[in-house]
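Quick notes on the structure that follows.
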Amino acid sequence: MASKRDRALPIPGAGARRRFRQRLLTWYRRHGRDLPWRKTDNPYHILVSEIMLQQTQVDRVLPKYAEWLEKFPSLHALASAPELEVAETWRPLGYNVRPKRLQSIARESVEKYGGQLPSDEATLLSFKGIGAYTAGAIRSFAFRERAAILDTNVARVLFRVYVGEGDPKSHAMKKHLWTLSETLVPQRQVFDFNQALMDFGAMICVARSPKCLVCPMKKECAWVRQSS
């Protein structure tokens, strides 16, 4: 059952949202990671990177991402590939249901959409293996649409900056964090903003020993205020 605190969480005002965006994007321009999937707007390439990055570190994904796209350069190529070859190519990333999901998405996209991933949220969510986060990532990174994301890193950043206490894993809190993410997404620079959120959670607002001393959000961070 949701706590009273979970039900009455506030949404930051326009000024606070603007400051957060400006600080985050300034930090990202200086410190954002140079990653190959940030140099493409190919929806399939974005999909591959997002599925590979689920519960897997970036440094493990980088070589496999390049190998995968060399072997399966399109949804058509993946859809028609032997399942054993797909499974072998995925190793040693683990969580081996993921290549099966990728190939299933590829086959459905070929069968129903001419080998292309659609851009609308409802259709993306109809694919087995594409949830709310992955749909938002594809829409914002491949199609440059104003779409929110909420993965583990983003949820941690938003929870600490704007909430600070309570159960971050409760259903009510997750719903609130999605609302926060949707509210904060700017009208422009959506690609950079969402990439910045993920980098910030991976590099500064990390799970253990966050780098609060160099954090541009520390003056307005609820978690810092409540920890001091």
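In what follows, residues are counted from 1 in the order of the sequence shown. Here the structure is a predicted model, which means the values were calculated and not measured.
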Sort out for me which residue in Y44, F193, F191, W37 forms a ring pair (Phe, Tyr, Trp, His ring centres under 6.0 Å) with F141. F191
CG-OH distance between L150 and Y133, expressed to the nearest 0.5 angstrom: 9.5 Å
Looking only at heavy atoms, the pair that brings A202 and R33 closest together is CB-NH2, 3.8 Å
Taking atom OG of S119 and atom CZ of R144, what is their separation to the nearest 0.5 Å? 13.5 Å
Taking atom types as modelled, is there a side-chain donor on R98 or Q54 under 3.5 Å from an acceptor on the other? no
pair E85-K71: side-chain heavy atoms closer than 4.5 Å: yes
How about CZ on R188, more than 12 heavy atoms from neighbouring residues, nucleotides or ligands closer than 6.0 Å, or not? no
Say whether V157 and V214 are linked into one hydrophobic cluster, either directly or through other cluster members, by side-chain heavy-atom distances under 4.5 angstrom. yes
Could you report the tightest heavy-atom contact between T134 and L47, atom names first, then the distance? CG2-CD1, 4.2 Å
Between S104 (side chain) and K100 (backbone), is there a donor-acceptor pair under 3.5 Å? no
Rounded to the nearest 0.5 Å, what separates atom CG in L117 from atom CD in E108? 10.0 Å
Candidate pair R23 and E220, rule side-chain contact (heavy atoms from CB on, under 4.5 Å), full reasoning: CA-CA 11 Å; R23 290 172 182 172; E220 298 184 5; 3.6 Å; yes
Closer than 3.5 angstrom, by distance alone: can the side chain of R146 be matched with the main-chain N or O of E182 as a donor-acceptor pair? yes
Let me see the working for R107 and E83 under salt bridge (charged side-chain N to carboxylate O under 4.0 Å, His left out), right down to the final yes or no. CA-CA 12 Å; R107 288 172 172 169; E83 293 179 8; 3.0 Å; yes
In this structure, CD of Q116 is separated from OG of S74 (nearest 0.5 Å) by 9.0 Å
Could you state whether V154 and L25 fall into the same hydrophobic cluster, counting links through intermediate Ile, Leu, Val, Met, Phe, Trp or Tyr residues with side-chain heavy atoms under 4.5 angstrom apart? yes
Do side-chain atoms of S181 reach the backbone of W178 as a donor and acceptor pair under 3.5 angstrom? no
In the single-linkage hydrophobic clustering (I, L, V, M, F, W, Y; side-chain heavy atoms under 4.5 Å), do V161 and I11 co-cluster? yes
Quick check on the hydrophobic clustering: are Y95 and L93 connected, directly or via other members, by side-chain heavy-atom contacts under 4.5 Å? no
Under 3.5 Å donor-acceptor, K64 side chain and T89 backbone: yes
Please say whether more than 12 non-hydrogen atoms of neighbouring residues, nucleotides or ligands are located less than 6.0 Å from CD in E67. yes
Minimum heavy-atom distance L177-P168, with the two atoms named: CD1-O, 4.4 Å
With distance as the sole test, does S49 use its side chain to make a donor-acceptor pair with the main-chain N or O of I46 at under 3.5 Å? yes
Determine yes or no for a side-chain-to-main-chain donor-acceptor pair under 3.5 angstrom, with D199 supplying the side chain and Y28 the backbone. no
Spacing of D192 atom CG and R21 atom CZ [to the nearest 0.5 Å]: 14.0 Å
Which heavy atom in C221 sits nearest to a heavy atom in R160, and how many Å separate them? SG-O, 3.4 Å
Shortest non-hydrogen pair, I149 vs S140, comes out as CG2-OG, 4.4 Å
Answer yes or no: is there a donor N or O on one side and an acceptor on the other, between the side chain of T179 and the main chain of K175, under 3.5 Å? yes
Assign the ring pair F127 / Y113 to parallel, tilted or perpendicular, where the plane angle (0 to 90°) is split at 30° and 60°. tilted
Just say parallel, tilted or perpendicular for the rings of Y162 and F20, cut-offs at 30° and 60°. tilted
Parallel, tilted or perpendicular: ring planes of W27 versus H31, cut at 30 and 60 degrees: tilted
Between R17 and P12 (side chain of the first, backbone of the second, donor and acceptor by atom type, cut-off under 3.5 Å), is there such a pair? yes
State, to 0.1 Å, how close I51 and G129 come at their nearest heavy-atom pair, and which atoms those are. CD1-O, 4.0 Å
Between Q103 (side chain only) and L78 (backbone N and O only), is there a donor and an acceptor less than 3.5 Å apart? yes
Donor-acceptor under 3.5 Å (K128 side chain, R101 main chain): no
According to side-chain hydrogen bond (donor to acceptor under 3.5 Å, both in side chains), who are the partners of K219, at least two apart in sequence or on a separate chain? none
In terms of hydrophobic clusters joined by side-chain contacts under 4.5 Å, are I130 and V110 together? no
What distance separates L35 CG from M198 CE, expressed to the nearest 0.5 Å? 9.0 Å
